[in-house]
Amino acid sequence: MKYIRILCLDIRQNLKFYLLGFSLVASTIVFISNGLFIYLLGIVYLFFNAYRQKKSSCSMASYYILFLAACYISVVVSSAWNYRILVFTLIILSCTSFWNSNSLFRFREKYLYYCLNVFPILSIGCLLCYYAGINMFVVEEGDVSWDFSAFFPHPMWMGAAVGLGNVVLTWQVLNASNKVQKLLLGVALLGSIMITVVSGSRTALFASLIAIVILLFTYFTSFWKFLKIVLIIIVLVSATLPFYMSKSGRMMAKFEAGKDSKYGSRTERWETQYAKFKDNPIFGNGFAVNYYNGYRVIGRSETGSGWLSILFQTGLLGAAGMCIILIPLIKRKKYLKHSDKFKLIYCTFAFLSFHSMTEGYILTAGYYLCILFWTEVGYILTFPKFNITSIKYENN
């Protein structure tokens with residue numbers, strides 16, 4: 001009852017953030033009607049909130065100007081105008097530190113905290129769906145029992161969500177106030193990892209494990225304590241490995257299917273994109289432009305990699321602009337031990353960065369991970385500027 005009262009009080013005090021967290025994932029859950037409309041409402045709210053709270057003196061627009069310019073130049077050069085470049089610009093203005101202020105920083109910290117804590121709930125929901133036999137993945141023909149997506153429209157969408165759930169649940173275990181909470185959250189974490197395996201998303205699984213290792217390292221400054229935890233995890237993994245292997249049929253099938261291809265299942269996409277990219281390496285193929293079997297497609301489509309999309313679509317100019325953003329982000333790792341929330345946000349950003357190697361959403365405005373990625377970029381960049389602890393740290 002105590003925890004229910006605490007939850008009800010928190011919902012009453014932070015209802016806005018609960019609703020924004022819901023809006024972020026609404027478009028990806030099959031059961032939610034008008035999910036895309038709810039998702040867009042969330043973006044519109046973020047835009048007007050950022051515009052209302054921004055202060056010109058706090059802007060970090062210089063970090064994003066070259067990258068945005070490269071996106072627009074790629075559209076002009078390739079004659080590929082479409083509304084997606086405008087929506088993407090809206091996301092940059094709404095979510096990043098292009099517009100900034102101390103109050104906006106605090107808002108984004110809370111927004112990210114509540115959004116990220118949605119993912120363990122999704123993981124547990126997917127686990128329940130798995131054992132209840134609920135699978136919303138639909139293909140035009142054939143047996144769909146091989147691919148499991150719970151209440152998501154596709155297993156890869158579920159894989160990304162539960163991969164994030166793995167990292168957030170680990171953070172919750174490390175911050176739990178008592179042993180009972182740690183035990184319950186630990187069981188939920190093991191279940192979430194299992195669903196990641198079931199999804200067949202190799203990148204989501206390995207990216208989440210890498211992010212978890214980074215997270216553990218931030219909590220255990222002593223090498224020997226860190227080694228002790230790693231050894232415990234190794235023993236636990238060894239004990240549960242047969243169970244996880246029994247659930248990895250889809251993942252093993254992917255390894256088998258791609259073993260004779262240069263880049264596995266991404267070979268055709270990457271080689272086709274690269275062949276076109278060589279024609280215009282400076283400005284790229286065009287924002288939101290992809291090539292399939294020699295045919296140009298403008299719009300939302302599978303790119304096979306967020307990072308390669310930046311290179312192929314916006315060219316070397318866009319890649320240079322992204323480097324201006326990324327280099328300071330990497331340097332912000334020195335603040336990992338100064339805030340538990342910063343640890344959560346930085347390590348989930350690490351997950352998104354590794355996951356984006358083979359999944360494309362950094363430039364895909366209609367995908368919730370795009371919102372999450374760029375909001376985390378803006379928060380991490382501004383952390384030294386607005387966080388009191390980090391300011392004191394810099395002055396010492």
Side-chain angles (χ1 to χ4, degrees), residues 10 14 17 21 24 95-97 105-121 123 160-178 181-182 185-186 188-189 192-193 196 204 206-230 232-233 325-356 369 371-394 396:
D10 191 60
N14 297 288
F17 294 100
L24 179 69
C95 301
T96 72
S97 47
F105 170 80
R106 299 297 169 190
F107 169 84
R108 285 170 178 158
E109 182 178 68
K110 238 181 175 183
Y111 171 75
L112 285 170
Y113 173 77
Y114 281 94
C115 285
L116 290 172
N117 278 282
V118 168
F119 292 97
I121 299 172
S123 292
V162 297
L164 273 168
N166 296 341
V167 183
V168 180
L169 279 165
T170 303
W171 180 84
Q172 290 179 344
V173 170
L174 293 169
N175 286 277
S177 58
N178 59 62
Q181 285 184 355
K182 287 182 182 293
L185 290 167
L189 173 59
S192 181
I193 292 173
T196 314
F206 294 122
S208 66
L209 294 178
I210 292 170
I212 286 171
V213 170
I214 296 171
L215 185 59
L216 289 173
F217 190 74
T218 66
Y219 275 89
F220 300 98
T221 54
S222 165
F223 173 76
W224 295 111
K225 285 184 178 180
F226 177 73
L227 184 61
K228 178 183 176 182
I229 295 298
V230 170
I232 292 173
I233 292 172
I325 299 170
L326 285 178
I327 291 172
L329 284 174
I330 296 170
K331 291 180 178 179
R332 296 297 190 267
K333 69 181 185 296
K334 67 182 179 180
Y335 300 111
L336 275 169
K337 295 175 182 178
H338 290 264
S339 165
D340 286 337
K341 285 184 180 178
F342 186 74
K343 291 174 185 178
L344 171 66
I345 293 168
Y346 196 94
C347 290
T348 50
F349 177 74
F351 166 81
L352 294 175
S353 297
F354 288 115
H355 189 244
S356 294
L369 292 176
I371 297 289
L372 201 58
F373 178 89
W374 286 106
T375 307
E376 292 194 334
V377 166
Y379 174 82
I380 293 168
L381 275 178
T382 53
F383 187 82
K385 185 179 182 68
F386 294 115
N387 186 268
I388 296 173
T389 303
S390 59
I391 290 172
K392 288 181 179 179
Y393 175 77
E394 282 195 322
N396 288 335

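Residue indices begin at 1 and follow the sequence shown.
Around NZ of K337, the count of heavy atoms belonging to other residues, nucleotides or ligands within 6.0 Å exceeds 12. The number of heavy-atom neighbours closer than 6.0 Å to OH of Y219, taken from other residues, nucleotides and ligands shown, is above 12.
The CD atom of E376 sits 12.0 Å away from the CD1 atom of I371 when rounded to the nearest 0.5 Å. Note that the CZ atom of F373 and the OG atom of S353 stand 5.5 Å from one another [nearest 0.5 Å]. Once rounded to the nearest 0.5 Å, the distance linking CG of N117 with CD of Q172 reads 5.0 Å. Separation of atoms CG (L169) and OG (S192) is listed at 5.5 Å; rounding is to 0.5 Å. Atoms SG and OH, on C115 and Y113 in that order, are 12.5 Å from each other to the nearest 0.5 Å. Interatomic distance, CD1 of I380 versus CD1 of I330, reported as 11.0 Å (0.5 Å rounding).
Although no hydrogens or angles enter the test, the distance criterion places a donor-acceptor pair under 3.5 Å between the side chain of R106 and the main chain of F386.
Not a single ring-ring contact (aromatic ring centres under 6.0 Å, His included) links Y111 to another residue, sequence neighbours left out. Every side-chain contact (heavy atoms from CB on, under 4.5 Å) that S97 has, sequence neighbours left out, goes to M60, Y64, N100, L381, T382. Applying the salt bridge (charged side-chain N to carboxylate O under 4.0 Å, His left out) test to K343 and every residue at least two apart in sequence or in another chain returns D340.
The aromatic rings of F383 and Y335 are tilted relative to each other, their planes meeting at an angle between 30° and 60°.
In terms of heavy-atom proximity, C95 sits nearest to R108 at O-NE, 3.4 Å. Nearest heavy atoms, L185 versus A176: CD1-CB, 4.1 Å. Nearest heavy atom pair, residue S123 against residue G165, reads OG-CA, 3.6 Å. Nearest heavy-atom pair, A207 versus F354, reported as atom, atom and distance to 0.1 Å: CB-CB, 3.7 Å.
Tested against Y379 for a ring pair (Phe, Tyr, Trp, His ring centres under 6.0 Å), the candidates F349, F107, Y346, F105 yield a single pass: F105. L344 pairs in a side-chain contact (heavy atoms from CB on, under 4.5 Å) with only one of the listed residues (T218, L116, T170, L174), which is L116.
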- Using the side chain to side chain contact (heavy atoms under 4.5 Å, CB included) rule, take D10 and F17 through it: C-alpha gap first, then chi angles, then the decisive distance, then the call. CA-CA 10 Å; D10 191 60; F17 294 100; over 6 Å; no
- Query: Given the rule in the side chain to side chain contact (heavy atoms under 4.5 Å, CB included) test, do I325 and V377 qualify, once you have shown the distances and angles that lead to the verdict?
  - Reply: CA-CA 8 Å; I325 299 170; V377 166; 3.7 Å; yes
- Stepwise side chain to side chain contact (heavy atoms under 4.5 Å, CB included) check, L189 with N166: CA-CA 6 Å; L189 173 59; N166 296 341; 4.3 Å; yes
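No hydrogens or angles considered: nothing links the side chains of S339 and N387 as a donor-acceptor pair under 3.5 Å.
At least one side-chain heavy atom of L164 sits less than 4.5 Å from a side-chain heavy atom of L372. In this structure, the side chains of I214 and F217 stay at 4.5 Å or more apart for every pair of heavy atoms.
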